[in-house]
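Everything numeric in this text was worked out from a predicted model, so none of it was measured.
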Amino acid sequence: MNKLTDNEIRDYFNEAGFFKPDRFHWFNWHFTKMRPLALDIIVTLKLLDLRAPGCAKKIIFRLGELGGKEKYEPHYEQLIQILSELVIARRLCEVFDATSGFQLIWEPTGKTDKNPEFVLCEPKYDLLVEVKCPSLLKHMRQASQNDVQLLARIGETSVFDQMASSGSATKPVDNRIKDFLISAEGKFATFDREIKPCYSLLVICWEQRMFEAVSPIINEMSGLFTARSFYKNADHEPIKFPNIDGILVTPHMAWLIACTREEECPGIYASALDYGEFGAGVPVSDPAFIANPHSSRKLPAEMIDALYGVSPDPAGDPMTAPLDMVFWLPSRTKQK
């Protein structure tokens, strides 16, 4: 198996337009100066390409396509999406290496051309992985202006708008989560999952307020995995997603945004695309793992443990709890 060299990687980035002085790209500075983010992207691509030859070139050209428009924010958000994919793939490849019999297939295809990010194959089973990272910057800016935030469909929104000092309560982002589930369900459904045990995991990389993604899934008032799901068919029955075995919600968006800005990142991590540490003493909430009650398959515990997945508890960590709403108190300023 040929190992991708630094010169080959650089040639790919050059071909993808990263070093053109007259072409804007959010990562141009990182790569022309070979800053920590660029170096870690290269390390990660070399690791993944060793496991799935050819994937590095595809990823580099995907990154390169997201340029050409001066400070175009949608391109930046799509770049964070790709970095999220790299973080998750790298973590699983580091834990489940080739010497243990695990094979990585990038962008596998089932019965149609729909494909998840990758599949990790082991002699006993396969794991399909789809990674989603939403465009949240506009939402985050708007939410920071409001002191009332809804996390579920618990009543007429105008009532909560009246409660908010800004005149507008932050609405749930549940339609984004619904779209993620629809997309993942469609991709996972195209794979034959009977001949060999095949599990599926949807990873949603969010910011530190992971309750924004958890609540639309399991909040009892309207959660997509509950009997009162807001997403129903023509007969008013909840639509289920039986091909998604589990969902993991992580805070990696916050980490990645900080790394692109070379700001201090929350938590403990070894490098820009390192998955990081979670657990006792780490100042970041554990990723939330949600098993799908409508799936007949139970994800292997070793996979959940490798990603530090913990079941969200309504009475536990509020950052991953399925909340109804939040009242944000104003920050106190020091008296002079």
Interatomic spacing from OG in S183 to NZ in K178 - rounded to 0.5 Å: 12.5 Å
Reported OG-to-CD1 distance for the pair S200 and I244, which is rounded to 0.5 angstrom: 6.5 Å
Could you pull out all residues at least two apart from [X] that satisfy side chain to side chain donor-acceptor pair (under 3.5 Å)?
| X | value |
| --- | --- |
| N146 | S166, T170 |
| Q103 | none |
| T260 | Y76 |
| N219 | D324 |

Test ring pair (Phe, Tyr, Trp, His ring centres under 6.0 Å) applied to [X] - qualifying residues, sequence neighbours left out:
| X | result |
| --- | --- |
| Y308 | F278 |
| F27 | H25, H30 |
| F61 | none |

Those residues that, when tested against E73, pass salt bridge (Lys or Arg N to Asp or Glu O under 4.0 Å) (two or more places apart): R141
For E85, all residues meeting salt bridge (Lys or Arg N to Asp or Glu O under 4.0 Å), sequence neighbours excluded: R62
Results of side chain to side chain contact (heavy atoms under 4.5 Å, CB included) for N7 - residues two or more places apart only: T5
Step-by-step side-chain hydrogen bond (donor to acceptor under 3.5 Å, both in side chains) determination, D97 to S100: CA-CA 6 Å; D97 59 23; S100 302; 3.0 Å; yes
Hydrophobic cluster identity match, L4 and I41, side-chain contacts under 4.5 Å: yes
Within the 6.0 Å centroid threshold, strictly below: W26 and F24: yes
Audit row: F13, F19, ring-ring contact (aromatic ring centres under 6.0 Å, His included) steps and yes/no: CA-CA 8 Å; F13 274 107; F19 304 115; 7.1 Å; no
Residue that, paired with P287, satisfies side chain to side chain contact (heavy atoms under 4.5 Å, CB included) out of I304, T320, L248: L248
Among L299, L307, V249, V310, side chain to side chain contact (heavy atoms under 4.5 Å, CB included) partner for F289: L299
Please tabulate, one pair per line, all N/O donor-acceptor pairs under 3.5 Å involving side-chain atoms of residues 105-118, not counting sequence neighbours.
from, atom 1, to, atom 2, distance (Å)
T112, OG1, K114, N, 3.2
E117, OE1, V131, N, 2.8

side-chain hydrogen bond (donor to acceptor under 3.5 Å, both in side chains) contacts touching residues 268-280 (sequence neighbours left out): D40-S271, R90-S271
